[in-house]
Every structure is written in C-alpha cells, then in structure tokens.
Amino acid sequence: MSKINVRIGEVIDGFTIEEKIHVGGMAIIYRASHPDIEGRVIFKVPKIVDADDATVIVGFEMEMMILPRLSGIHVPKVYAVGDYARRPYIAMEYIDGETLYPLFEKSPIPPEEVAAIGEKVATALVDLHRQKVIHHDIKPSNIMIRKTGEAVFIDFGLSRHLEMPDLLEAEFRLPMGTAPYISPEQVRQNRGDPRSDIFSLGVLLYHLATGERPFGLPQSRQALRTRLWRDPVPPRKIRPDIPPWLQEIILRCVEPNPAKRYQTAARLAFNLQHPDAVKLTERAERLKRSNLFLQLRAWLKARALPPAEPQPYSATSDPIIVVCVDLSEGFEYLAEALFTETQRVVGSVADARLACINVMKLSAVFMHEAFDSEGRNKHVQRLVELKEWARPLGLDQGKLSFHVLEAMDIAEALLDFARTSHADQILICARGRSNLRRYLGSVSSEVVARAHCTVTVVRAPEPTTST
Amino acid sequence: MRIAFFSDIHGNREAFDACFAHAVRQNIDQFVFLGDLVGYGADPAYIVERVADLCADGAVALMGNHDYAAAKGLTDGMNDYAKAAIEWTYNQLDPARRSFLESLLMKVEDEDRLYVHSDASAPTRWLYIGDEESAERSLQATRQRITFCGHIHIPQLYHMTPTKPAKFFAPKPGAPIPLVGQRQWLAVQGSVGQPRDKNPSAAYSILDTTKNELTYWRVPYDIEEAARKIHAAELPRILAARLFIGK
C-alpha cells in the first residue's frame with residue numbers, strides 16, 4: 001500500500017510540508033515550499049479513511065491524470081505529481097484569492113455582479129472545454145478568483161478528459177456530482193457532455209441572483225431526477241428587480257435538454273458581456289413555473305428518455321464570427337465584398353453567430369468630442385448603417401449582434417473585442433495593396449498578425465472610375 | 001526511457017520504414033516488436049534483417065503465429081490467403097533468417113511490463129483480445145502492471161482494478177494517456193503493416209516510462225508501393241486491396 005500520511009516538517013521530493021490548511025471530503029491540503037519555486041505551494045494528498053474507499057482513490061487518480069495536462073490562467077499550475085503506488089500527491093500553484101463560497105452567504109447580489117461573475121466563470125470554462133476537459137463539479141467552493149480577476153477551477157476529482165479513459169465511469173454505477181449543481185446528464189450517468197458544466201454554472205448564477213437554489217438540496221437519487229422534468233421557479237418571481245435578459249440567460253443554462261442550453265461556454269460568456277445582444281424569449285418574461293399539464297408532459301418525456309448516451313459534441317460547433325464592417329465613403333465596394341463573404345460563411349457554417357462591429361476612430365486631441373451630442377448622433381447613425389448592412393443576410397436576432405466602438409487604435413479595439421468575445425473567426429477587409437499602405441501599416445495586417453483566431457481578409461478590385 | 005512498440009508488421013517495408021522514421025524523430029531508447037514480423041507482405045527478408053539488427057542493438061522481439069509458421073513452414077489452421085503468404089514467405093527467407101524467427105520468445109517481462117503477441121493467458125494458442133472479457137482473461141494471467149500485445153490489428157486500451165471488471169477505451173492517435181495508479185493496463189497494439197480498424201495508416205505506439213504515458217500513433221505510408229510489390233510477388237491480390245481500406 002502506498003504511503004499517504006504526511007507530517008508537518010517532512011520533506012517529500014523536495015517539498016517541505018509546512019501547514020495543514022484544509023481537510024476536504026476527498027483530500028487534505030497542505031501548504032508547502034520548494035527551494036526552486038517562489039512563494040507558497042499547495043500540496044494535496046488523498047484522504048483515505050479506509051483502503052477500499054474507491055471514490056477517493058479513483059477521484060485522485062483522475063485528478064493526477066488530468067490536472068498536469070492542463071495549462072493556462074484558469075487552472076492551477078502543477079509542479080509535481082507523486083507516483084500513486086509509492087506516494088500519491090499533487091503539488092500545485094498556491095492561488096492567491098478566494099473561492100466564490102463566501103459570496104453565496106451574501107446572495108442575492110445585484111444582477112450586474114451576477115453577470116460579471118458569470119462572465120469570469122464562463123470564460124474559464126471556454127478555456128477548459130477547449131482543452132477537452134469537462135469539470136463536472138462546478139460549484140462555488142471549486143472556483144477561485146485570482147487577485148487579478150480571473151476565475152480558476154480547483155478540484156478535478158470528478159472531471160473527464162475526452163481523450164483519456166474515464167476511470168470513474170468504469171468504477172461507479174451512481175450519479176457523480178454535487179446534488180444542487182449536478183446536471184441532468186450526470187444524473188443519467190452520461191459523463192461525456194461539456195454542456196453539463198453550463199447547467200451547473202446556470203444553477204450557480206440562479207443562486208447568486210436569487211439567494212435560493214433552483215432545484216433545492218435533493219437528498220435521494222429519486223429527488224435528483226426531478227430536474228429532468230421540473231422547471232425551477234423563475235428568478236424574477238423571487239427577485240422582481242432581476243432584468244429579463246438575466247433570467248433568459250439563467251433559465252437557458254438550466255434547460256433539462258442540453259440541446260436547448262447554450263451550446264458553448266463562449267456563447268454564454270458573450271451574452272453575459274452583451275446583455276443587449278440576448279435574444280429574449282418566453283423564458284425572459286416567465287413569472288411562474290409550468291402548469292400541471294406541461295409538467296406532466298415533461299415528466300412523461302423524461303420517463304421515456306432512452307438510456308443516456310454521450311451526445312455528439314464539438315468545441316468548434318456554434319462559432320462566434322466577428323465581422324469588421326468598414327462603412328467609410330468610397331469603400332462601398334469593400335462593404336459589398338465583405339457582405340458576399342459573410343453570406344458564404346453563414347451559408348456553410350451551421351449556427352454561426354455574427355458580431356458585426358464598426359470602430360469609430362477617435363483622435364487623441366478631440367477625444368471629448370465623442371461624448372457631445374454630435375458624437376452621440378454619429379454613434380447612433382453608425383449603428384443604423386451597420387444594421388442596414390446586415391439586414392439582407394436575413395439572420396434572426398439571436399444570431400446577430402451589432403457593436404459600434406470608439407477607439408484611437410482601430411486594430412487594437414478589434415483585437416480586444418475578438419479576444420474577449422472568444423471569437424472563432426474574424427472577417428475583415430483590406431483596403432488597398434499599395435507600398436505606402438504596407439509602410440504605414442494597415443489595420444487588417446495588424447489584426448492578421450496578432451489575432452488568436454482564424455482571420456479571413458476580404459479583398460476586392462477597386463472600381464475603375466470613368467472619366 | 002521511451003519505448004516504441006511495433007506489432008504485426010507482416011513484411012510491409014513501406015509501413016515499417018514510415019513508422020520507424022516517425023519513431024526515431026521522437027527520441028526512442030528501445031524498440032519492442034510484438035510479433036508477426038512476416039506473412040502477407042512482400043518484404044519479409046528485409047523486415048527480419050532490420051529487426052535482427054535492432055535486436056543486436058538492444059531491441060526486444062516476440063514470436064507471432066506467422067513468425068512461427070514461416071520459420072517452420074507449418075500452416076496448420078490458417079486461412080488460404082495466410083497459407084499462400086506463408087508458403088511464399090518461407091521460400092523468401094534463408095536459413096539464418098528462419099532461425100532468427102524460430103529463436104523469438106513467447107513472453108518477455110521487463111520491469112513492470114509484459115510483452116506477448118496475443119492473449120497472455122495462453123500465448124501458444126494465439127487468442128485474440130477484442131473485448132472486455134478477453135482483456136480481463138489476459139490481465140488476470142499476469143501480475144505485471146502493463147501488458148503490451150498485438151495480433152488483432154485493432155488498437156485498444158483496457159484497464160482493470162482488483163475489484164472491478166476490465167474496461168475498454170478507444171485511444172485517440174497522438175493523445176498521450178497517463179497509465180496511472182493502482183490498476184493494470186492492457187495496451188493492444190494496432191498493426192504496422194496491415195491495419196484492420198478501417199484506418200489504413202500504419203499503427204504503433206510509444207511508452208514514456210518517466211512520464212508514465214502511452215501515446216498511440218498513426219502514420220500514413222506509401223500503400224501504392226506496398227500493394228504493387230504484393231502484386232509483383234503474385235501473392236493473393238486481396239492482401240494488397242485490404243491495405244487501402246484498412247480491413
């Protein structure tokens with residue numbers, strides 16, 4: 001049997017154990033230090049009460065498999081992993097910050113704060129799902145906020161990496177998750193759907209916004225199944241000051257059928273960032289739970305569900321496409337070429353979401369000008385033109401949003417927008433091909449050089465002017 | 001240490017060369033050949049020579065049913081195509097190469113690993129591992145932590161704890177899998193020279209013992225040339241045709 005007891009002051013593979021800081025259900029967390037690592041280290045060991053405690057062992061094994069494979073600011077950095085057979089441990093980054101747990105004691109919190117937290121967590125989920133990992137235990141105590149503001153996931157004991165064997169699924173015949181947050185798929189023991197995390201995040205946002213749990217605190221397996229058919233009390237019934245767009249977002253996240261939720265965390269993050277781009281449906285206005293007839297229908301439907309099977313899912317589905325529309329006079333031919341290209345993309349990519357964006361250039365000297373009434377009129381005028389440009393695409397409101405930005409550096413503004421909205425692709429026009437333009441630097445070439453996603457540059461021959 | 005596992009090369013020079021070059025680029029310390037160097041393909045002498053040279057340099061080679069048959073000229077229990085290929089192969093090999101094949105081992109244990117061509121519970125019976133039941137039978141026959149085998153030409157990975165039945169996992173090419181913990185693993189290799197999982201690319205894998213990670217790889221190779229040689233040798237034409245569809 002492997003050695004799991006840890007003594008304060010003990011040195012394990014170069015890590016000096018300094019203090020026990022937390023005893024969880026599955027693991028014990030120590031603070032440690034290492035001569036080659038600046039600052040504190042988290043040293044996590046499985047808490048094995050009895051040698052046959054398979055949940056603890058397998059959960060820790062999964063975490064040892066998955067965590068070292070992850071990178072980025074939204075997960076703790078792993079320094080070392082101990083051999084399970086000899087000495088199981090994970091030594092990782094000490095996150096300077098707090099979990100979301102204390103915030104829940106203060107809930108309900110104002111809608112803008114709910115959206116801000118939701119956006120941080122959804123952004124972290126984008127990064128996690130991109131790395132082919134489903135967290136499966138999204139809840140306040142498993143999310144930390146760094147001092148710099150980013151959300152970080154901790155505890156991957158129930159996680160699933162889509163390219164690794166799922167040891168937990170092989171081991172257990174029970175739903176795995178935390179009762180208030182567990183998704184209907186997890187209840188039905190399907191551990192292959194990233195949209196499960198979107199459901200759990202929806203529960204978390206519901207709780208933050210209303211101070212109540214949408215599905216209570218179920219104590220039995222049967223009670224867990226209620227969420228397969230019973231819709232929660234609409235948040236606005238509990239807190240009338242919650243805006244319809246936030247209710248729309250929350251209720252969409254907690255839809256029992258994953259196909260009716262946000263299909264990607266990027267879409268959810270985008271809507272939380274741009275409330276005016278949220279397409280309001282019946283969900284937004286709902287003030288009571290579904291009637292007896294609808295409940296019965298949902299219940300029958302849930303009963304008739306076929307055995308849980310992994311849903312086909314691709315992180316590349318439902319892309320967000322940022323279309324940079326140049327509306328300047330004299331360049332109408334470019335706007336037209338861009339329109340043709342946009343039509344092509346919309347036609348070939350199912351469920352693409354377009355964010356049409358136009359940047360008004362501000363000069364450093366006359367910056368205040370933008371805020372006077374003339375500036376405001378200009379802004380509104382641009383928005384109208386942008387909408388008019390997109391109208392013939394015939395897209396429905398939920399698939400389209402419009403953004404007029406004001407910035408001194410156009411390329412910077414476009415890049416920033418694309419990054420924060422998790423764009424999968426940017427469509428942009430290039431004005432000309434002259435050497436002078438190359439020398440001065442063009443917006444499109446800077447966007448191409450610095451974007452994190454695919455960029456399509458649209459060109460068109462300049463129309464010949466007849467004399 | 002990084003170990004490359006090649007199984008079921010079956011005399012396919014083009015597939016072997018492509019996998020070998022792919023592996024060498026990834027800093028391999030040792031090669032392990034899990035049997036069936038010959039049979040079906042048109043270059044048995046070349047493959048035996050290359051493998052014999054690598055073995056002189058520290059590689060390990062296991063005996064497969066086709067190696068045994070080609071060494072002895074025995075074709076009992078084989079289908080007509082395999083039989084025709086073995087008879088042809090026997091005549092392509094000089095006595096030295098035949099005796100190399102004859103000297104191959106049925107089972108090798110190295111540290112916490114077991115190498116064998118087919119089901120470890122009865123290596124001389126050449127049983128296939130193609131489901132959780134057969135995987136469990138093989139895993140129960142060994143105390144080694146990781147078993148590497150081939151024979152069925154379909155890449156698969158199984159894992160088993162002392163208290164639970166073996167579970168299947170379909171490995172994704174190029175994605176490293178940590179072989180963690182208090183459990184046994186059975187890494188069934190795809191085939192270098194005659195894949196049968198509907199993917200015609202040559203299959204092999206690499207184990208990194210330091211990181212404790214196994215990565216399955218697929219390598220495209222010049223199938224046209226391998227097929228042309230099978231035709232030129234007047235071997236059954238189906239042996240060339242199946243290479244294109246990986247079946």
Side-chain angles (χ1 to χ4, degrees), chain A residues 1-4 13 45-46 48 50-71 78 80-90 130-133 156-157 159-174 189 191-192 310 314-315, chain B residues 1 111-113 129 131-133 135-136 139-140 142-148 154-188 190 199 205-218:
Chain A
M1 188 59 209
S2 52
K3 187 170 166 21
I4 55 159
D13 297 347
V45 296
I48 298 181
D50 110 46
D52 293 329
D53 200 345
T55 341
V56 174
I57 297 171
V58 180
F60 206 80
E61 272 185 311
M62 286 304 291
E63 192 158 31
M64 285 170 83
M65 278 174 96
I66 292 173
L67 200 48
R69 200 56 67 73
L70 297 176
S71 61
V78 173
V81 171
D83 174 14
Y84 204 98
R86 191 178 55 86
R87 183 122 212 192
Y89 70 82
I90 305 172
R130 183 183 56 76
Q131 298 182 70
K132 303 188 171 87
V133 170
F156 290 78
S159 298
R160 166 88 205 270
H161 191 300
L162 294 170
E163 290 180 354
M164 289 182 195
D166 185 9
L167 307 182
L168 283 159
E169 187 193 33
E171 194 74 25
F172 304 107
R173 298 276 169 274
L174 288 168
Q189 292 163 66
R191 291 183 26 91
S314 144
Chain B
M1 184 157 85
E111 295 181 359
D112 60 352
R113 303 178 293 275
I129 291 171
D131 56 24
E132 290 171 346
E133 200 182 326
E136 190 163 330
L139 282 168
Q140 275 169 351
T142 179
R143 299 187 58 155
Q144 296 297 86
R145 194 171 73 87
I146 318 172
T147 303
F148 290 87
I154 295 169
Q156 304 157 71
L157 181 64
Y158 295 91
H159 55 98
M160 186 172 89
T161 56
T163 53
K164 289 279 176 345
K167 289 301 282 187
F168 165 75
F169 176 70
K172 186 176 175 224
I177 303 159
L179 303 184
V180 294
Q182 307 276 65
R183 59 184 64 230
Q184 283 185 297
W185 297 86
L186 171 57
V188 183
N199 175 354
S205 74
I206 296 176
L207 176 74
D208 187 315
T209 60
T210 315
K211 290 187 187 160
N212 195 21
E213 277 179 357
L214 175 67
T215 309
Y216 286 79
W217 290 104
R218 295 314 280 259

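Protein chains get the first letters and strands the later ones, always in sequence-line order, with residue 1 at the start of each.
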Chemist: Tell me, side chain or backbone of A:L167 under 4.5 Å from chain B's heavy atoms, or both, or neither?
Modeler: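 Both parts, heavy atoms under 4.5 Å.
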Chemist: State, with a plain yes or no, whether a side-chain heavy atom of B:N212 is found less than 4.5 Å away from one of A:M64.
Modeler: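 B:N212 does not reach A:M64 side chain to side chain.
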Chemist: As a quick check of understanding, evaluate side-chain contact (heavy atoms from CB on, under 4.5 Å) for A:R69 and B:E213, giving each step before the final call.
Modeler: CA-CA 11 Å; A:R69 200 56 67 73; B:E213 277 179 357; 2.9 Å; yes
Chemist: After noting the C-alpha distance and the side-chain angles of B:V180 and A:V81, does the key distance pass the side-chain contact (heavy atoms from CB on, under 4.5 Å) rule?
Modeler: CA-CA 11 Å; B:V180 294; A:V81 171; over 6 Å; no
Chemist: Using a strict threshold of under 4.0 Å (side-chain N to carboxylate O), is an ion pair present between B:K167 and A:E169?
Modeler: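 No.
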Chemist: Hey, which residues of residues 170-179 of chain B are touching chain A, say heavy atoms under 4.5 Å apart?
Modeler: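 Residues B:K172, B:A175, B:P176, B:I177, B:P178 are the ones that qualify, each having a heavy atom under 4.5 Å from chain A.
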Chemist: Counting only heavy atoms not in A:K132, do more than 12 sit closer than 6.0 Å to its NZ atom?
Modeler: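 Open.
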Chemist: Using the ring pair (Phe, Tyr, Trp, His ring centres under 6.0 Å) criterion, which residues pair with A:F156? Sequence neighbours excluded.
Modeler: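 Partners of A:F156 by the ring pair (Phe, Tyr, Trp, His ring centres under 6.0 Å) criterion, ordered by chain and then number, come out as A:H135.
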Chemist: Find the distance between CG (A:D166) and NE2 (B:H159) and round it off to the nearest 0.5 Å.
Modeler: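 Here the interatomic distance stands at 8.0 Å.
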